[in-house]
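Accompanying notes for the structure given below.
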Number of protein chains: 2
Amino acid sequence: MATGRTHRPATRSRGIPEATVARLPLYLRALTALSERSVPTVSSEELAAAAGVNSAKLRKDFSYLGSYGTRGVGYDVEYLVYQISRELGLTQDWPVVIVGIGNLGAALANYGGFASRGFRVAALIDADPSMAGKPVAGIPVQHSDELETIVRENGVHIGVIATPAGAAQEVCDRLVAAGVTSILNFAPTVLSVPDGVDVRKVDLSIELQILAFHEQRKAGEEAAARTAAGVPAPAATDATTAADGAKRTSATDQGPDGDVPAVMPA
Amino acid sequence: MATGRTHRPATRSRGIPEATVARLPLYLRALTALSERSVPTVSSEELAAAAGVNSAKLRKDFSYLGSYGTRGVGYDVEYLVYQISRELGLTQDWPVVIVGIGNLGAALANYGGFASRGFRVAALIDADPSMAGKPVAGIPVQHSDELETIVRENGVHIGVIATPAGAAQEVCDRLVAAGVTSILNFAPTVLSVPDGVDVRKVDLSIELQILAFHEQRKAGEEAAARTAAGVPAPAATDATTAADGAKRTSATDQGPDGDVPAVMPA
DNA sequence: ATGTCTTTGTGAACGCGTGCACAAAGATGG
DNA sequence: CCATCTTTGTGCACGCGTTCACAAAGACAT
């Protein structure tokens, strides 16, 4: 899980568990694919397989939304698409601003999965004056000075932060002050926000580190036992497909970290 | 939560709970920042605040790793950095390949948070022949034909998929066949992999949809009640900072979805 | 050496999420 | 109209994760 919610301690917002909400987009994606193939109905078993979850879980999730299935038949695809979209609030238009137009910000601006879900990129904002006016994904980049104006005039409630870690909190504060109440944070920092503001974070390197943990485990316990002694990491061992692999001895003395995504400052 | 593990049903790998593993990178980041400021020790309370978690949770997490703290004082920053790094397997070198060098793939290649964590981008792979040889982040892009060779010769165990959804499963299969056992998937698809292979996924639009859900909730129940009728979404309502805001009526008839990240095919 | 003060490490309780397993519901065929 | 078959919806039990609260442990001052 690349993310985790901040504030609001597990308040299940009106009966729908948080875990269920997190799976609704998954179901929606699978259902959309079925819809495009003009499949009229789908059983919980089939849909669960397509979404990569347990069928009992899926049925329980849907039961929180109401009884939208027909026993002996399954669920009506189109109807379910509508119900989930409505529940997630995707039937309305969500203007979004992206702050920090570096590599990642540009990737997000170009991401097709937004527009098709009711999200509209209202503006791209960057602190670099030389980027002002330059079109990215067909949208001209605007300077940070315009942030407050843009947010207010477009009624933006959702902001995406793709700046370096150092700039994230300040950008966050300004977004919140201007009226944003939901933030998707790609900067590797913990943002502090007032109550009532939701923050979700995506940290690319965290995911990789979790994978590394399990990968190390798979590599066998003997290697772990060896480094568990005082030995300061005797280079990679590669029990299985050991090729040459340019090895490095340690990762701690690796120069300045900074821990920033490769994006332009904002 | 942008992610979720696939397969391996909650097996706590040698006593360390999955939830704890997922937080270790958070602690590590906070500790690294302290280390750079030459802070010698830190209390669970301070570190928890910096990492954005509960202090009791942090102490329990650390208790799974062993007793590394000193009562009345706190934790030794440097020692803890080393212990967590070792536990996560970051003291060794992890060669990684990125497949699909579009906007997102390029952003990942440029991402600074990898190298500082023991991850080394061994190769960039794309299916587009015209990209072959073109340097991205200082690394020449190689054609997909080379995938198996690259993985084998570099002893790569971790692969990152940043291709469109349509190409993801095939890329995944080839990576696994070549020896990759951990995959970080940015393509909006459910990947099926054999047992023993870990998959973590990051879906940008899912995070945004979860935010939209809570945002809709905040906007008040009256608007939800209105659309709950047969009315096909009466445009945005903006209870609070209602500006003009270019409104759109519906998001369902929005043209072809495709649901692909804006990257080149691989 | 002894007492006080700070902070860790953890036992225990609680709540949420998951998955089993089955009864109820409806479709379908005779 | 009845029997059978499929599939939903959910009661229930279990396990994981979180949090509280406190005893144990060590630092530090006197």
Side-chain angles (χ1 to χ4, degrees), chain A residues 1 3-24 26-27 31 39-77 79-80 83-84 210, chain B residues 1 3-24 26-27 31 39-77 79-80 83-84 210:
Chain A
M1 198 164 327
T3 70
R5 302 182 60 253
T6 317
H7 287 282
R8 186 179 310 201
T11 312
R12 71 166 56 179
S13 320
R14 197 204 62 189
I16 299 183
E18 193 58 33
T20 295
V21 174
R23 279 189 295 269
L24 290 182
L26 246 60
Y27 302 144
L31 285 164
V39 178
T41 60
V42 65
S43 72
S44 64
E45 204 70 49
E46 294 166 331
L47 184 55
V53 301
N54 184 294
S55 72
K57 196 187 295 187
L58 178 143
R59 288 198 298 276
K60 181 147 292 192
D61 283 342
F62 285 175
S63 78
Y64 290 117
L65 309 183
S67 293
Y68 296 146
T70 308
R71 297 175 192 230
V73 177
Y75 298 92
D76 183 276
V77 172
Y79 187 56
L80 208 44
Q83 289 299 340
I84 294 180
I210 297 173
Chain B
M1 189 169 342
T3 72
R5 301 183 63 254
T6 318
H7 287 283
R8 187 181 311 199
T11 312
R12 70 166 55 179
S13 321
R14 198 205 60 189
I16 301 184
E18 192 59 31
T20 296
V21 173
R23 279 189 294 268
L24 290 183
L26 245 60
Y27 302 144
L31 285 164
V39 177
T41 61
V42 65
S43 73
S44 64
E45 204 70 51
E46 294 166 332
L47 185 54
V53 301
N54 184 295
S55 72
K57 195 187 295 187
L58 179 142
R59 287 198 301 274
K60 179 144 288 192
D61 283 342
F62 285 175
S63 78
Y64 291 118
L65 309 182
S67 294
Y68 295 145
T70 306
R71 297 174 192 231
V73 177
Y75 299 92
D76 183 278
V77 172
Y79 187 55
L80 208 44
Q83 290 298 341
I84 294 180
I210 297 172

Look for any protein N or O under 3.5 Å of an N or O in nucleotides 7-14 of chain D and output each such pair with its distance, or none.
| unit_1 | atom_1 | unit_2 | atom_2 | d |
| --- | --- | --- | --- | --- |
| D/dT7 | O4' | A/G72 | N | 3.0 |
| D/dT8 | OP1 | A/S44 | N | 2.5 |
| D/dT8 | OP2 | A/S44 | OG | 2.6 |
| D/dT8 | O2 | A/R71 | NH1 | 2.8 |
| D/dG9 | OP1 | A/G69 | N | 3.1 |
| D/dG9 | OP2 | A/Y75 | OH | 2.7 |
| D/dG9 | O4' | A/R71 | NH2 | 2.9 |
| D/dG9 | N7 | A/R59 | NE | 2.9 |
| D/dG9 | O6 | A/R59 | NH2 | 3.2 |
| D/dG11 | O6 | A/K60 | NZ | 3.2 |
| D/dC12 | N4 | A/K60 | NZ | 3.2 |

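One can place CZ of A/R23 at 12 Å from C1' of C/dG19, the figure rounded to the nearest angstrom. Rounded to a whole Å, the CD atom of A/E18 is 12 Å from the P atom of C/dC16.
Taking all atoms of both residues into account, the shortest heavy-atom contact from A/L31 to A/L47 is CD2-CD2, 3.8 Å.
Annotation: side chain of A/I210 is in contact with side chain of B/E18 (closest heavy-atom distance under 4.5 Å). With a 4.5 Å cut-off on side-chain heavy atoms, A/L65 and A/I16 count as touching. B/F62 is not listed as a side-chain neighbour of B/Y68, based on a closest heavy-atom distance of 4.5 Å or more.
With C/dG17, D/dT18, C/dC20 as the choices, the nucleotide that has an atom nearest any side-chain atom of A/N54 turns out to be C/dC20.
Under the side-chain contact (heavy atoms from CB on, under 4.5 Å) criterion, B/S44 pairs with B/S55, B/L58, B/R59, B/Y75, not counting sequence neighbours.
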